[in-house]
Amino acid sequence: MIVDARVLQPEFVPKEVKHRSNKMDILTNALEPVTDGDSGETAMIFGPSGVGKTCISRFVLERLRENAIDIETQYVNAWEDHSRFKLLYRILEGVGKTLDIHRQSTPTDELLERLRNYENGQYVVIIDEVDQLEDKSVLYDLYHIQNLTMVLIGNREEELFSGLDDRLASRLTSCSRIRFEPYSQDGLEAILQDRVRWGLRPETITDDQIATIADAAAGDARKAIGILRQAAKAAHRGQEERITDDIIDEAIPEAASEIRQQSLSKLTQDQRIIYEIIVEEDAIAPKDLYEEYTEQAEQPVSKRMVRNHLDKMQHYNLIEAKGATRDRTYSPSG
DNA sequence: TGTCCACGGGAAAGAAAGGTGG
DNA sequence: CCACCTTTCTTTCCCGTGGACA
């Protein structure tokens with residue numbers, strides 16, 4: 001019943017863009033000068049996850065490249081490359097200037113110097129999850145590089161501006177900002193319909209079922225497509241002709257746990273011990289948590305390190321912290 | 001209302017890991 | 001294979017915060 005599994009993958013460059021055409025226009029305008037060989041305006045994109053921020057940016061850049069020569073583009077995820085060095089390295093990678101970089105003989109300033117010396121036309125860089133960047137001063141340096149245009153993507157505006165250099169912050173107040181809202185019910189249904197049309201055999205899913213999925217996804221397209229994928233896979237496994245309501249009911253929690261599972265697999269041994277304690281206790285005070293952890297771990301790490309782990313797990317949305325200093329508790333999220 | 005103190009998180013220092021050139 | 005350097009991870013130290021408790 002699955003015709004083309006690719007359209008069930010979240011990365012597939014989809015027709016979603018048509019629901020975001022006004023946002024695309026703003027971004028395209030900001031980057032327009034690039035096609036004439038000038039630097040574009042720094043663009044900032046904000047919005048919750050699964051609303052097409054990354055997707056739209058990549059799409060716009062792709063189209064830019066098609067329409068003009070001498071444009072290089074690069075996509076960097078600051079969640080993966082969160083140090084100054086890694087970020088700069090990744091950016092240089094996009095213009096193939098990393099060949100003879102030896103970490104030993106190449107201080108990070110040298111990386112910047114190379115970017116400044118890049119003369120082969122305009123270079124547009126998407127920096128995704130920019131709030132995850134630990135050293136935001138690197139943005140200030142990048143901002144001042146000729147021929148380099150940045151597209152910054154983040155969840156919340158305040159998070160980006162906090163910890164930002166004052167000088168840069170004031171410059172950025174004038175640059176173009178684009179806010180993405182969660183998809184509407186109708187928008188999500190249209191996106192799903194589109195995927196279904198290309199990815200599944202006709203008649204395998206009803207409009208009502210699509211509406212159910214869209215509703216469960218709460219404005220998040222990634223989640224919606226995840227549910228659809230789970231449902232299609234389940235039906236496929238069970239040799240079903242079509243997707244039943246029962247399959248969808250099961251696919252909704254499965255899609256959620258799929259995301260959680262992916263996060264869990266990235267945890268280290270220590271982090272997993274901590275996570276399991278929190279799940280076990282449901283809500284636990286920091287002190288008790290650390291005591292319990294020291295008992296279970298063969299080589300317990302310091303309190304400070306446990307706090308780092310807790311931070312990380314909050315980022316992954318695995319746990320949440322409630323309360324301020326004294327009455328704080330940690331509990332599993334969801 | 002004032003004192004106490006666990007907590008979170010920043011900074012510095014130390015240890016480990018990863019890579020290079022001899 | 002080793003000496004050496006940079007980056008990354010971990011620990012140690014410290015201080016401001018804000019509930020608890022008198």
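These numbers were taken from a predicted model, which means no experiment stands behind them. Naming convention: chains lettered A, B, ... in sequence-line order (proteins, then strands); numbering from 1 in each chain.
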Sugar-phosphate, base or nothing in reach of Arg328(A), heavy atoms under 4.0 Å: sugar-phosphate
Phosphate OP1/OP2 of dC7(B) contacted by Tyr330(A) side-chain N/O (<4.0 Å): no
Distance, rounded to the nearest Å, where Leu310(A) contributes CG and dG8(B) contributes P: 8 Å
Whole-Å gap separating P (dT11(C)) and OH (Tyr290(A)): 8 Å
CD (Glu258(A)) with more than 12 external heavy atoms under 6.0 Å: yes
Whole angstrom value for the distance that separates P of dC13(C) from CZ of Arg307(A): 14 Å
Between dT11(C) (C1') and Asp270(A) (CG): distance, integer Å: 14 Å
Nearest non-hydrogen partners of Leu27(A) and Ser57(A), listed with the distance: CD2-CA, 3.9 Å
SB check Lys23(A) Glu181(A) (cutoff 4.0 Å): yes
Nearest-nucleotide pick for Arg326(A), side chain only, options being dT11(C), dC5(B), dG8(B): dC5(B)
Integer-rounded Å distance: dG8(B) P and Asn308(A) CG: 12 Å
Side-chain heavy-atom pair Ile56(A), Phe180(A) within 4.5 angstrom cut-off: yes
Rounded interatomic separation in angstrom, taking CD from Gln269(A) and P from dT10(C): 13 Å
Among dG9(B), dT10(C), dC7(B), the nucleotide that comes nearest once only the side chain of Asp311(A) is considered: dG9(B)
Distance in angstrom units between Arg304(A) CZ and dT12(C) P, rounded: 13 Å
Protein-nucleotide distance (Leu87(A), atom CG; dT8(C), atom C1'), rounded to Å: 16 Å
